2 protein chains.
Amino acid sequence: MSAPLHIHLTPGDEAPLYRQLVRQVVAAIASGHLAPGARLPSLRELAKTLVVAPLTVKKAYDVLEERDLIETRRGQGTFVRLDAGSSSREATERLRPLARRLLVEADLANVDPEALSLLLDRERTRLREERETREEAS
Amino acid sequence: MSAPLHIHLTPGDEAPLYRQLVRQVVAAIASGHLAPGARLPSLRELAKTLVVAPLTVKKAYDVLEERDLIETRRGQGTFVRLDAGSSSREATERLRPLARRLLVEADLANVDPEALSLLLDRERTRLREERETREEAS
DNA sequence: CCAACTGTTATAGTCATCTATAACACCGAA
DNA sequence: TTCGGTGTTATAGATGACTATAACAGTTGG
C-alpha cells in the first residue's frame with residue numbers, strides 16, 4: 001500500500017510532466033505528507049492514475065533518487081529515504097538561485113522587502129492550510 | 001549606441017539560452033542598470049557578443065515584449081519601455097509560484113522562516129554589491 | 001537613390017520530451 | 001517453484017522546443 005499523493009499534472013505546460021511530478025513529490029515530502037520511510041505508488045500504479053506512461057513516472061523518480069530524497073528497491077517499490085531532507089547542503093544550494101529570482105522579480109514589481117516578507121508569510125500560511133485540508137480529506 | 005549589458009550565458013544549461021537571456025535582461029531592468037527608454041543592443045550585435053544566433057536573441061526580446069517590459073521599432077531598435085515595471089499586477093503574479101517553490105525547498109532543507117529571511121537579506125546585499133561593482137567597471 | 005543599419009520571417013536540422021511496446025530481473029507470498 | 005507484483009532497460013516513433021542559416025522588410029542618414 002502507499003499514500004494517495006494528491007497530484008495534478010498539466011500537459012502542455014511550460015514544465016515537462018516529469019518535472020511537474022518531481023516538484024509535487026518534493027512538496028509532499030517537505031510538508032510531511034510523505035513521511036520518511038513511506039512507500040510511493042508503484043510506477044505502473046501512479047502512471048495509470050495520472051494517465052501518463054510508466055517511463056515518465058520513472059524519469060521523475062530517477063531525479064528524486066538523484067537528489068537522495070527517495071530510494072528504490074527492485075521488486076519491492078520506491079520509498080522516501082529515512083534521512084530525506086537531512087542533506088541540507090544540497091537543498092540549500094537550491095535555495096540561492098531561487099531566492100535571487102524572487103528578489104529580482106520583486107524589485108521589478110516595486111515590491112518592498114517588507115512587502116515581500118509579508119507575501120512569504122501569507123504563502124506559508126496558505127501552504128499550511130492546504131496541507132490541513134488534505135489531511136481532513138483523508 | 002546601447003548599454004553594454006554584462007551578460008553571461010551557459011550553453012547546455014537546464015534553462016534554454018533565450019530564457020537565460022530573458023532573466024538577465026529582467027535583472028538589468030529591475031536593478032536600474034537598464035533605465036526606461038534605454039536602447040538594448042541590436043539582435044545581431046548582441047548575438048555576436050554572446051555567440052548565439054540572432055533568432056535566439058529575438059526570441060528573448062519577444063518574451064520581454066510580451067511582458068510589456070520592452071518595445072521594438074522595426075528599423076530603429078529595441079528599447080526599455082518608459083513604464084517598465086509599472087504593471088506590477090503581472091509581475092506580482094509571477095512572484096507567488098516562485099515564493100512557493102522557495103518555501104517548499106526551504107522546508108525540505110529544514111530552513112526556518114527566520115533563517116530564510118536572513119538568507120534573503122544576504123542575497124539582497126549581494127545583488128546590490130554586484131550592481132555597484134558593475135557600475136565601477138563602467 | 002542607396003547603403004548600412006534595424007527588426008521579421010521562413011526553412012531546416014538537432015535534440016528533449018513523451019508515448020508505446022516489449023522484454024528483462026528481482027522480491028515476496030501462495 | 002510459481003505467480004503477481006515490483007523496478008529496469010531497450011527500442012522506436014511523434015511531437016515540439018531550440019538553434020542556425022538565410023532571405024525579407026522597414027528606417028535612417030549620406
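Since the model is a prediction, treat every value here as computed from it, not as a measurement. We name chains A, B, ... by the order of the sequence lines, and we start the count at 1 in each one.
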Nearest to side-chain heavy atoms of [X], which nucleotide of [options]:
{"X": "B/S42", "options": "D/dC18, C/dG7, C/dC18", "answer": "C/dG7"}
{"X": "A/T78", "options": "D/dT27, D/dG7, C/dG7", "answer": "D/dG7"}
{"X": "A/E45", "options": "D/dT8, D/dT21, D/dT6", "answer": "D/dT6"}
{"X": "A/R19", "options": "D/dT9, C/dT17, C/dT6", "answer": "C/dT17"}
{"X": "A/R44", "options": "C/dT19, D/dG7, D/dC24", "answer": "D/dG7"}
{"X": "A/L55", "options": "D/dT9, C/dT17, D/dG7", "answer": "D/dT9"}

I need the [atom1]-[atom2] distance between [X] and [N], as an integer number of Å.
{"X": "A/R74", "N": "C/dC24", "atom1": "CZ", "atom2": "P", "result": "13 Å"}
{"X": "A/I70", "N": "D/dT6", "atom1": "CD1", "atom2": "P", "result": "15 Å"}
{"X": "A/Q20", "N": "C/dC18", "atom1": "CD", "atom2": "C1'", "result": "13 Å"}
{"X": "A/E71", "N": "D/dT6", "atom1": "CD", "atom2": "P", "result": "18 Å"}
{"X": "A/L21", "N": "C/dT17", "atom1": "CG", "atom2": "C1'", "result": "14 Å"}
{"X": "A/Y61", "N": "D/dG7", "atom1": "OH", "atom2": "P", "result": "7 Å"}
{"X": "A/L17", "N": "D/dG16", "atom1": "CG", "atom2": "P", "result": "14 Å"}
{"X": "B/L50", "N": "D/dC18", "atom1": "CG", "atom2": "C1'", "result": "16 Å"}

OP1 or OP2 of [N] sitting under 4.0 Å from any side-chain N/O of [X]?
{"X": "A/T56", "N": "C/dT19", "value": "yes"}
{"X": "A/T72", "N": "D/dT6", "value": "no"}
{"X": "B/Q76", "N": "D/dT28", "value": "yes"}
{"X": "A/K59", "N": "C/dC18", "value": "no"}

Checklist outcome for this item: To the nearest 0.5 Å, atom CD of A/E90 lies from atom CD of A/E66 at 9.0 Å

Next on the checklist: Quick check for you: to the nearest 0.5 Å, what is the distance between A/L116 atom CG and A/E123 atom CD?
Outcome noted: 11.0 Å

Item to check | Cationic N near anionic O, under 4.0 Å, B/D62 to B/K59 | outcome: no

Next on the checklist: For a quick check of understanding: with a heavy-atom distance under 4.0 Å over all strands, which category does B/Y18 fall into, base, sugar-phosphate or nothing?
Outcome noted: sugar-phosphate

Checklist entry - Using a cut-off of 4.0 Å on non-hydrogen atoms, how would the nucleic acid contact of A/K58 be classed: base, sugar-phosphate, or nothing? => result base

Checklist entry - Looking only at N and O atoms, is any donor in the side chain of B/R73 or the base of D/dG26 less than 3.5 Å from an acceptor on the other one? => result no

Checklist entry - Is it true that the side chains of B/T78 and B/E71 contain a donor and an acceptor less than 3.5 Å apart? => result no

Item to check | Side-chain donor or acceptor of B/E105 paired with backbone N/O of A/A91 under 3.5 Å | outcome: no

Next on the checklist: According to a hydrophobic-cluster definition based on side-chain heavy atoms being under 4.5 Å apart (Ile, Leu, Val, Met, Phe, Trp, Tyr only), do B/L108 and A/F79 belong together?
Outcome noted: no

